[in-house]
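Take a look at the structure below.
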There are 2 protein chains.
Amino acid sequence: MAQICLPIALEASDVEQLDSIIQRGRPLRKGERVFRQNDVFNAVYAVRSGTLKSYRVGGSGAEQITAFYFPGEILGMEGIGKGIHPNTIEALETAAICEIPFELLGDLSSRIPSLQRHFFQLLSQEIAEDQLLIAMLGKNSAEQRVAALLLSISARHARRKLSATAFRLTMTRADIGNYLGLTVETISRVFTRLQKNALLSADGREVIILDAGQLRAVAEGTAQL
Amino acid sequence: MAQICLPIALEASDVEQLDSIIQRGRPLRKGERVFRQNDVFNAVYAVRSGTLKSYRVGGSGAEQITAFYFPGEILGMEGIGKGIHPNTIEALETAAICEIPFELLGDLSSRIPSLQRHFFQLLSQEIAEDQLLIAMLGKNSAEQRVAALLLSISARHARRKLSATAFRLTMTRADIGNYLGLTVETISRVFTRLQKNALLSADGREVIILDAGQLRAVAEGTAQL
DNA sequence: CGTTCCATTGAGATGTGTCAATTCAAGTGG
DNA sequence: CCACTTGAATTGACACATCTCAATGGAACG
């Protein structure tokens, strides 16, 4: 169980301890939420299956998606700081998650140094990823952003031993646009352009990456269409 | 010393221990760097005085500023994850910082639960802040972004018991533009517009906020000019 | 006292947003 | 099982915010 939820190297006895604090919840259906913005924080969650999105509602009522989560990833850590979740997490499809009560995790981390380090790393990596997104939103064209997202999703599929070139998007074009700071129409047009240049084949949400090299070049701004 | 660098509530004996691992470095001058992108990570840093910026250079060679740091704030935590700093930190003016070796901090955190929690919180809050910036870059107009940044800087001055309404910017218009995903010219024009509407008075980098309420309305998109 | 960096302003170009219409797929209820 | 509704995606025409290019003036600095 702990193996599935927190794939790290631990002593057998440690795994046992960790195992004891992890809760398996019922699966979420599409549209259901793990927690909502402003809920009190008391646990982080590991994605076992399915995909989810994180979003927050700003002062003007506009939603902003800040992340997509795939199996093996940890979510909910933004809430540690203030003790309140600054965002809502919603399932994009049927999804199973593990709940890891934070209070107990803190205690356990004190006793298992490698676990503590692991969580520091997880938090730190989320910062690094957010900053990557910031860089993208600040500087890149619509094509670069879409290409980068597709490559990121591709890489996350590959890490799970799934096809890196053919996969199904679980989010709508609107979600993608929202995440990348673009409109639905722009996303649609970019998809069309990428297909015309034979970098991609897309039938609705079914995507096949035809030329990963070129796609990377587009993402990095080395090539343009 | 530890009091200055990590203002948290600790037992006297704990403070002593923490104190012993903190290094005071020589002050940095404008343009000097704390560390560079791809340097190996082995410490985090607390800002004692002065301001700094964090930026990373992408594949296409473009710089992207991801944060500004003020006294009392902690920087360098993005590097924990991969053991390598994903960004460069550079002083915007003369600045003094404390170095906190991470190896020792980890050990100490295991023994002092409140210290561990404190660091989890710091990391988590950086995530929350980054996501706020993401939301801004994705959805907001140039005016909203500039207004929001000015208010953020104002709040950080206030936290240090300095004037929240009158202060000197330590970064150039180019830095601001880079951070907000806008060009220098746009920043300049927004400043001009904000002044014409009497929300602000700016003489070069010297800024006086004349109408914080309206400025907040602009930042939130409730008011437009 | 030149040199360099920084800030401002104008005019025109352009990428992306907005508005609107259409098609298609998936549910839903009679 | 068939309308009917609803949500998602695509495409076109046009608007507009911001970028690009260019010129100028001032401040900082050696």
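Computed over heavy atoms, backbone and side chain alike; hydrogens, waters and symmetry mates excluded. Every value quoted in this text rests on a predicted model; they were computed, and no experiment measured them. Naming: A, B, ... by sequence-line order, numbering from 1 per chain.
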Would you classify B/L182 as touching base, sugar-phosphate or nothing, given that sugar-phosphate means primed atoms plus P, OP1 and OP2, and contacts are heavy atoms under 4.0 Å? sugar-phosphate
Nearest-angstrom distance from the residue atom CG of A/N178 to P of D/dA9: 13 Å
Has B/R189 got a side-chain N or O lying under 4.0 Å from the OP1 or OP2 atom of D/dT18? no
Please state how far atom NZ in A/K139 lies from atom P in D/dT18, giving the value in whole angstrom units. 15 Å
Could you check whether the rings of B/Y45 and B/F35 sit parallel, tilted or perpendicular, using 30° and 60° as the cut-offs? tilted
Has A/R205 got a side-chain N or O lying under 4.0 Å from the OP1 or OP2 atom of C/dA25? no
Within the structure, does a side-chain N or O atom of A/T186 lie under 4.0 Å from either OP1 or OP2 of C/dG17? yes
Side-chain N or O of A/T183 closer than 4.0 Å to phosphate OP1/OP2 of C/dG17: yes
In whole angstrom, give the distance that lies between atom CD of B/E143 and atom P of D/dC16. 16 Å
Distance check needed: D/dA28 P versus B/R168 CZ, whole Å only. 7 Å
For atom CG of A/L137 and atom P of D/dT18, their distance in whole Å: 15 Å
Between C/dT9, D/dT10, D/dT18, spot the one nearest the side chain of A/R173, thanks. D/dT10
Spacing of A/M171 atom CE relative to D/dA9 atom P, expressed in whole Å: 11 Å
When rounded to whole Å, the CD to P distance for the pair B/E185 and D/dA23 reads 14 Å
Over 12 foreign heavy atoms within 6.0 Å of CZ, B/R193: yes
Please confirm whether A/R160 makes a cation-pi placement over A/F70, using NZ or CZ under 6.0 Å from the six-membered ring centre and within 45° of the ring normal. no
Output the distance between atom CD (B/E78) and atom CD1 (B/I89), rounded to the nearest 0.5 Å. 6.0 Å
Would you kindly give the CZ-to-P distance between A/F191 and D/dA8, to the nearest whole Å? 15 Å
Using heavy-atom distances to pick each residue's nearest nucleotide on DNA chain C, tell me which of A/A142 and B/T172 is more 5'. B/T172
Check every strand shown and say whether B/G177 touches a base, only sugar-phosphate, or nothing at a heavy-atom separation below 4.0 Å. nothing
Any ion pair linking A/E93 and A/K30 (charged N to carboxylate O, less than 4.0 Å)? no
